Student: 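My structure is below; once you've seen it, I'll send some questions.
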Amino acid sequence: MALMDFIKKQFIDIIQWTEEGDGTLAWRFPMSGMEIQNGGTLVVRESQMAVFVNEGQVADVFGPGTHKLTTQTLPVLTYLKNWDKLFESPFKSDVYFFSTRQQIDQKWGTPQPITIRDKDFGAVRLRAFGNYAFRIADPKLFHTEISGTRESYPVGDLEGQLRGLVLQNISNAIAGSGLPFLDLAANQVMFADALAKELAPAFAKIGLQLEGMTVQNVSLPEELQKIMDQKIGMGMVGNDMAKFMQYQTAQAIPKFAEGSAGGGSGIAGDAMGLGAGVALGQVLAQNLAQGLQTPVAPAAAAAAQAAAAPLGVKPEEVMATLEKLGDLKAKGILTQEEFDAKKSELLKKLI
């Protein structure tokens, strides 16, 4: 029995790898001083490839199947070991197995907003995240460039490098797609395809093949999102500044009312609420006047004109409105010309 154990320990008849779990890209067969027999069997399962390495030099590569190890099936190794005609048995060689299965649901995302050029907004800082899948396509290249002589190489050791490649190519992918930000957010499949196209050569350089790329979300930082919402609001009213101010005033009144009802804002809150109410009253009166600008009897026209007569505006109300307009101009929502026009209009209403 001791002699048989010794023989079994010293010579290898079957070389194979049965994966015990997910996440292993490369695995070295444990030789531990053993040698391979002439005519030994190499079993490579589907979704695997095997590589023979002689003294650090990659020799023969085997795909799925059962292979009998002879001088005919090991031509490169035969040459490296200077076997003239006969297979010298036993012999030593490192054997590495590589998993060619897809490694799915690999996460990527922008930890910080990245700056890109946009047709509509100029420079934009955006966030994005998604996932991707890859597989080993060239085990020889992957062995020489990445895994080396390690006993095993898990997917986790490669995640940081691949995620960095994705982030590095996002700007190029967006530029290559030719889509502005608003269209980009609505065409995430097109964005993912452009990103995959940019990444494919970088993956190929280390023996990998990118199998799939998804973009699950594209968004702006919160402060830029607010500005974009305001631009969208102006677009919905046809970029009419008067209508936009009406909308802003109507939106602000409930907030002022809440502040006044809470009792914490005091006289200032009451004044702001009153000012907003006066402003809204003027807006409604102007709208009423526009609606009544049709041929009517002189008495009715006079009544309508009296109803539409502008009320006096206090200086503090004008200053508050100017401050809001200044904020809109600073954020790029108003142009300098629009701001100056509105400023002139407000100053004429001072009493």
Side-chain angles (χ1 to χ4, degrees), residues 12-32 34 36 40-53 58-67 69 93-111 127-170 173 188-189 191-193 195-217:
I12 302 172
D13 290 327
I14 299 178
I15 303 174
Q16 61 182 340
W17 177 34
T18 55
E19 301 179 54
E20 296 181 356
D22 297 328
T24 301
L25 294 173
W27 179 78
R28 185 180 66 198
F29 186 86
M31 302 299 290
S32 63
M34 295 186 290
I36 302 171
T41 301
L42 172 68
V43 179
V44 183
R45 290 172 169 78
E46 291 289 345
S47 75
Q48 292 180 355
M49 294 189 77
V51 174
F52 277 73
V53 179
V58 175
D60 299 282
V61 180
F62 293 86
T66 300
H67 308 274
L69 303 177
S93 177
D94 290 326
V95 182
Y96 294 87
F97 286 87
F98 296 86
S99 173
T100 57
R101 292 187 295 136
Q102 286 196 43
Q103 306 299 323
I104 62 174
D105 198 25
Q106 305 299 308
K107 308 292 187 182
W108 68 270
T110 54
R127 291 189 177 97
F129 65 84
N131 58 16
Y132 62 95
F134 72 93
R135 72 167 82 238
I136 293 178
D138 187 340
K140 180 178 179 179
L141 184 59
F142 186 81
H143 172 78
T144 56
E145 295 292 332
I146 301 295
S147 60
T149 60
R150 291 174 53 172
E151 181 178 345
S152 66
Y153 194 93
V155 175
D157 287 1
L158 197 59
E159 285 180 352
Q161 175 67 18
L162 298 183
R163 191 180 299 115
L165 287 176
V166 175
L167 299 181
Q168 180 180 336
N169 285 274
I170 286 180
Q188 295 180 2
V189 173
F191 178 25
D193 291 342
L195 186 54
K197 184 178 179 180
E198 289 289 331
L199 286 170
F203 275 58
K205 287 181 180 179
I206 55 176
L208 301 179
Q209 179 176 320
L210 185 62
E211 291 292 340
M213 170 69 65
T214 67
V215 176
Q216 298 173 351
N217 181 265

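Quick note: residue numbers are just sequence positions, from 1. What you see is a predicted model, and the numbers here were worked out from it, not measured in a lab. Heavy-atom basis, side chains included; hydrogens, waters and symmetry copies ignored.
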Student: Should Gln168 and Leu165 count as side-chain neighbours, where that means a heavy-atom distance under 4.5 Å?
Tutor: yes

Student: Could you tell me which residues satisfy side chain to side chain contact (heavy atoms under 4.5 Å, CB included) with Pro154, sequence neighbours excluded, listed by chain and number?
Tutor: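 Side chain to side chain contact (heavy atoms under 4.5 Å, CB included) list for Pro154, sorted by chain: Arg150, Asp157.
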
Student: Looking at every non-hydrogen atom in both residues, tell me the closest pair between Val53 and Ser93 and how far apart they are.
Tutor: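 It is O-OG, 3.2 Å.
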
Student: Using only atom types and a distance under 3.5 Å, with no angle test, would you say the side chain of Thr110 pairs donor to acceptor with the backbone of Ala128?
Tutor: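 It does hold such a pair.
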
Student: What pairs with Arg28 under side-chain hydrogen bond (donor to acceptor under 3.5 Å, both in side chains), at least two apart in sequence or on another chain?
Tutor: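 Result, side-chain hydrogen bond (donor to acceptor under 3.5 Å, both in side chains) vs Arg28: none returned.
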
Student: Does atom CG of Asn217 have more than 12 heavy-atom neighbours from other groups under 6.0 Å away?
Tutor: yes

Student: If you measure from the Lys or Arg side-chain nitrogens to the Asp or Glu carboxylate oxygens, is any gap between Glu19 and Arg45 under 4.0 Å?
Tutor: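 A salt bridge is absent here (no side-chain N lies under 4.0 Å from a carboxylate O).
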
Student: Less than 4.5 Å apart, side chain to side chain, heavy atoms only: is that true for Leu167 and Pro111?
Tutor: yes

Student: Is there side-chain contact between Thr214 and Phe191, with at least one heavy-atom pair below 4.5 Å?
Tutor: no

Student: So does Leu42 get a backbone contact from the side chain of His67, meaning a donor-acceptor N/O pair under 3.5 Å?
Tutor: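 Not a single qualifying donor-acceptor pair exists.
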
Student: Do Ile15 and Thr41 come within less than 4.5 Å of each other through their side chains, counting heavy atoms only?
Tutor: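 No, side chains not in contact.
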
Student: Which heavy atom of Gln188 sits nearest to which heavy atom of Val215, and what is that distance?
Tutor: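 Looking at all heavy atoms of both residues, the shortest contact is OE1-O, 2.8 Å.
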
Student: Closest heavy-atom contact between Gln48 and Phe97?
Tutor: OE1-CD2, 3.9 Å

Student: Would you tell me whether Gln209 and Glu211 have side-chain atoms, one donor and one acceptor, within less than 3.5 Å of each other?
Tutor: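 There is such a pair (donor and acceptor under 3.5 Å, judged by atom type) between the side chains of Gln209 and Glu211.
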
Student: Looking at Phe62 versus Phe52, is the centre-to-centre ring distance below 6.0 Å?
Tutor: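 Under 6.0 Å, so yes.
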
Student: Angle class for the Phe134/Phe203 ring planes (parallel below 30°, perpendicular above 60°, tilted otherwise)?
Tutor: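 Plane angle over 60°, so perpendicular.
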
Student: If you compare all heavy atoms of Val61 against all heavy atoms of Pro139, which two are closest, and at what distance to 0.1 Å?
Tutor: CG1-CG, 4.2 Å

Student: May I ask you to test the Leu162-Ile206 pair for a side-chain heavy-atom distance under 4.5 Å?
Tutor: yes

Student: Hey, is CD on Gln216 packed in by over 12 heavy atoms from elsewhere, all under 6.0 Å?
Tutor: yes

Student: If every non-hydrogen atom of Val44 is compared with every non-hydrogen atom of Gly63, which pair is closest and at what distance?
Tutor: CB-O, 3.3 Å

Student: Side chains of Tyr132 and Leu210: does their closest heavy-atom pair fall under 4.5 Å?
Tutor: yes

Student: Grab the two heavy atoms, one from Thr144 and one from Leu141, that are nearest each other, plus how far apart they are.
Tutor: OG1-O, 3.0 Å

Student: Side chains of Asn131 and Met213: does their closest heavy-atom pair fall under 4.5 Å?
Tutor: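 They are not in side-chain contact.
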
Student: Once the angle between the rings of Trp27 and Phe29 is folded into 0 to 90°, is it parallel (under 30°), tilted (30 to 60°) or perpendicular (over 60°)?
Tutor: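 Rings of Trp27 and Phe29: perpendicular, over 60°.
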
Student: Would you mind reporting whether Leu158 and Phe142 have side-chain heavy atoms less than 4.5 Å apart?
Tutor: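 Sidechains of Leu158 and Phe142: in contact.
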
Student: Show your working on side chain to side chain contact (heavy atoms under 4.5 Å, CB included) between Leu25 and Ile136 and close with a plain yes or no.
Tutor: CA-CA 8 Å; Leu25 294 173; Ile136 293 178; 4.0 Å; yes

